[in-house]
Amino acid sequence: MPPYNIEAMKASLHDAQVEVLRNIRGQFSQFLRELSDGEMTTESLSSNRLVDSLIINTHEDLSSIYGSPGLYIICTSFPMADNECTFRLMDGLRAIYRGECATVMRRLESHLFNEQYRNSYENRKTEKLDAGGKFSEPYYGACIKIDPGVSGINIDQDEYANHSWAVVVLKMFGSSSPLRKQAELAFDDLFGKPAASRE
């Protein structure tokens, strides 16, 4: 009976995963390149069935954005001196952050309306537990950092309210985090990592 070699098997599995992830990253890279070659407005981007894009002015606007798994890009007119990311919408809004998650709408709330997110999270948790249910919603504590010492912003308050904000979402219903991370890497390869993405 021939022996088996666990180390060789692990190496084969690793090599196969690397190749598959490279292929996935390449597919996202091609999609993002072709997407950015077109008209970069929220309306035109949303005409692609795999993309959702929206100007965000109020907390209520979030209810109109895709909420399931995906890659999301936060664009703004708010200036960051060290932001070299080249992803821009036609109205001059530049990508300041990109990320991936399983619940895009809630994640965007944690980034852009952090105060309301924290309050509503605690309320949802209390209501669910008081009703005898289980509460499994993840808490998003690590958020956009325009100021390196502050996690999360409130775009309806202070200096942020004086600027324009928009989001672009690549819809990835049914995807896993490792798959979505390849979209993040593809984005960074093409446009550079946005300055407020500090992970």
Side-chain angles (χ1 to χ4, degrees), residues 31-32 35-36 38-80 83 85-128 137-147 150-175 180 183-184 187 191 194-199:
F31 180 82
L32 286 164
L35 188 71
S36 65
E39 188 180 341
M40 293 287 284
T41 64
T42 54
E43 296 80 18
S44 63
L45 290 170
S46 291
S47 68
N48 184 311
R49 67 179 180 83
L50 295 174
V51 179
D52 194 8
S53 187
L54 187 70
I55 298 289
I56 303 288
N57 293 309
T58 66
H59 184 264
E60 290 71 35
D61 292 336
L62 287 176
S63 63
S64 301
I65 200 75
Y66 169 83
S68 297
L71 172 78
Y72 58 91
I73 304 153
I74 298 172
C75 301
T76 184
S77 63
F78 187 88
M80 276 190 81
N83 189 17
C85 180
T86 60
F87 186 91
R88 289 180 189 264
L89 299 180
M90 286 183 121
D91 51 11
L93 305 187
R94 182 188 233 180
I96 198 171
Y97 190 94
R98 61 90 191 104
E100 62 82 16
C101 76
T103 54
V104 167
M105 186 180 72
R106 193 64 73 194
R107 189 63 171 120
L108 287 169
E109 181 187 36
S110 75
H111 287 304
L112 302 176
F113 298 92
N114 190 260
E115 188 177 297
Q116 290 179 68
Y117 167 74
R118 285 184 280 116
N119 292 336
S120 66
Y121 180 88
E122 289 306 321
N123 290 340
R124 285 192 304 278
K125 182 177 180 180
T126 301
E127 286 175 16
K128 190 77 167 179
E137 180 184 318
Y139 178 73
Y140 298 122
C143 298
I144 188 171
K145 290 182 178 176
I146 292 178
D147 174 341
V150 180
S151 187
I153 59 174
N154 300 292
I155 66 169
D156 56 348
Q157 298 175 21
D158 306 321
E159 58 186 333
Y160 301 119
N162 298 324
H163 291 274
S164 300
W165 298 84
V167 295
V168 178
V169 180
L170 268 58
K171 303 174 187 177
M172 299 183 200
F173 188 78
S175 64
R180 295 189 300 270
E184 281 189 320
F187 180 92
F191 307 111
S197 294
R198 299 181 188 272
E199 76 281 344

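Bear in mind that the values here come from a model prediction, so they are computed numbers and not experimental data.
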>> Apply side-chain contact (heavy atoms from CB on, under 4.5 Å) to residues Ile74 and Leu112 and explain how you reach the verdict.
In response: CA-CA 9 Å; Ile74 298 172; Leu112 302 176; 3.9 Å; yes
>> Test: ring-ring contact (aromatic ring centres under 6.0 Å, His included). Region: residues 38-64. Which pairs qualify, not counting sequence neighbours?
In response: His59-Phe113
>> I need the minimum non-hydrogen distance between Ala166 and Leu93, along with the two atoms involved.
In response: CB-CD1, 3.7 Å
> How far apart are the closest heavy atoms of Cys143 and Asn114, and which atoms are they?
Replying inline: SG-ND2, 3.7 Å
> What pairs with Arg107 under side-chain hydrogen bond (donor to acceptor under 3.5 Å, both in side chains), at least two apart in sequence or on another chain?
Replying inline: Ser110
> Any salt bridge (charged side-chain N to carboxylate O under 4.0 Å, His left out) pairs touching residues 43-72, not counting sequence neighbours?
Replying inline: none
> So, for Asp156 and Ala161, which heavy atoms are closest and what is the spacing to 0.1 Å?
Replying inline: C-CB, 3.7 Å
>> Test of understanding: with side-chain hydrogen bond (donor to acceptor under 3.5 Å, both in side chains), list the residues that count as partners of Ser44, not counting sequence neighbours.
In response: Thr41
>> Check Glu109 with Arg106, please: is the shortest side-chain N to carboxylate O separation under 4.0 Å?
In response: yes
> Considering residues at least two apart in sequence or located in another chain, which fulfil the ring pair (Phe, Tyr, Trp, His ring centres under 6.0 Å) criterion with Tyr139?
Replying inline: Tyr117, Tyr121
> Arg88: what forms a salt bridge (Lys or Arg N to Asp or Glu O under 4.0 Å) with it, not counting sequence neighbours?
Replying inline: none
>> Go through it in stages, so that I can follow the logic: the residues are Phe31 and Leu170, the test is side-chain contact (heavy atoms from CB on, under 4.5 Å), and I'd like the CA-CA distance, side-chain angles, deciding distance and then a yes or no.
In response: CA-CA 10 Å; Phe31 180 82; Leu170 268 58; 3.9 Å; yes
> What closest approach, in Å, do Leu50 and Asn48 show between heavy atoms, and which atom pair accounts for it?
Replying inline: N-OD1, 2.8 Å
>> Distance check, rounded to the nearest 0.5 Å: Met40 atom CE versus Asp91 atom CG?
In response: 10.0 Å
>> Could you measure the distance from the OH atom of Tyr66 to the CE atom of Met172? Nearest 0.5 Å is fine.
In response: 8.5 Å
> Can you name the side-chain hydrogen bond (donor to acceptor under 3.5 Å, both in side chains) partners of Thr103, sequence neighbours left out?
Replying inline: Tyr140
>> Quick check: closest heavy atoms across Ser175 and Arg180, and the distance to 0.1 Å?
In response: O-NH1, 2.8 Å
> Any side-chain heavy-atom pair from Leu108 and Ile65 closer than 4.5 angstrom?
Replying inline: yes
> Looking at CG of Leu54 and CG of Leu45, how far apart are the two atoms once the value is rounded to the nearest 0.5 Å?
Replying inline: 11.5 Å
>> Main chain of Thr58, side chain of Trp165: is a donor-acceptor contact present, judged purely on distance under 3.5 Å?
In response: no
>> Between Ile73 and Val167, is the side-chain contact (heavy atoms from CB on, under 4.5 Å) condition met? List the steps.
In response: CA-CA 5 Å; Ile73 304 153; Val167 295; over 6 Å; no
> Does any pair with a residue in residues 158-175 pass salt bridge (charged side-chain N to carboxylate O under 4.0 Å, His left out), and if so which ones, sequence neighbours excluded?
Replying inline: none
>> Show every ring-ring contact (aromatic ring centres under 6.0 Å, His included) that has at least one partner inside residues 87-110, sequence neighbours left out.
In response: Phe87-Phe187, Phe87-Phe191, Tyr97-His111
> Roughly how far apart are Leu89 CG and Ser77 OG, rounded to 0.5 Å?
Replying inline: 11.0 Å
>> Apply side chain to side chain donor-acceptor pair (under 3.5 Å) to residues Thr76 and His163 and explain how you reach the verdict.
In response: CA-CA 7 Å; Thr76 184; His163 291 274; 5.5 Å; no
>> Tell me the closest heavy-atom pair linking Ala95 and Pro194, and the distance in Å.
In response: O-CB, 3.9 Å
>> Tell me every residue that passes side-chain contact (heavy atoms from CB on, under 4.5 Å) with Ala195, counting only those two or more places apart in sequence or in another chain.
In response: Met80, Asp82, Asn83
> In chain order, what residues pass the side-chain hydrogen bond (donor to acceptor under 3.5 Å, both in side chains) check against Ser47, with sequence neighbours excluded?
Replying inline: none
>> How long is the straight-line distance from CE of Met90 back to CD of Glu39, given to the nearest 0.5 Å?
In response: 5.0 Å
> Could you give the distance from SG (Cys75) to CD1 (Ile56), rounded to the nearest 0.5 Å?
Replying inline: 11.0 Å
> What residues, two or more places apart in sequence or in another chain, satisfy salt bridge (Lys or Arg N to Asp or Glu O under 4.0 Å) together with Glu184?
Replying inline: Arg98
> Would Asn154 and Tyr160 satisfy side-chain contact (heavy atoms from CB on, under 4.5 Å), going step by step from the backbone distance to the final call?
Replying inline: CA-CA 7 Å; Asn154 300 292; Tyr160 301 119; 5.7 Å; no
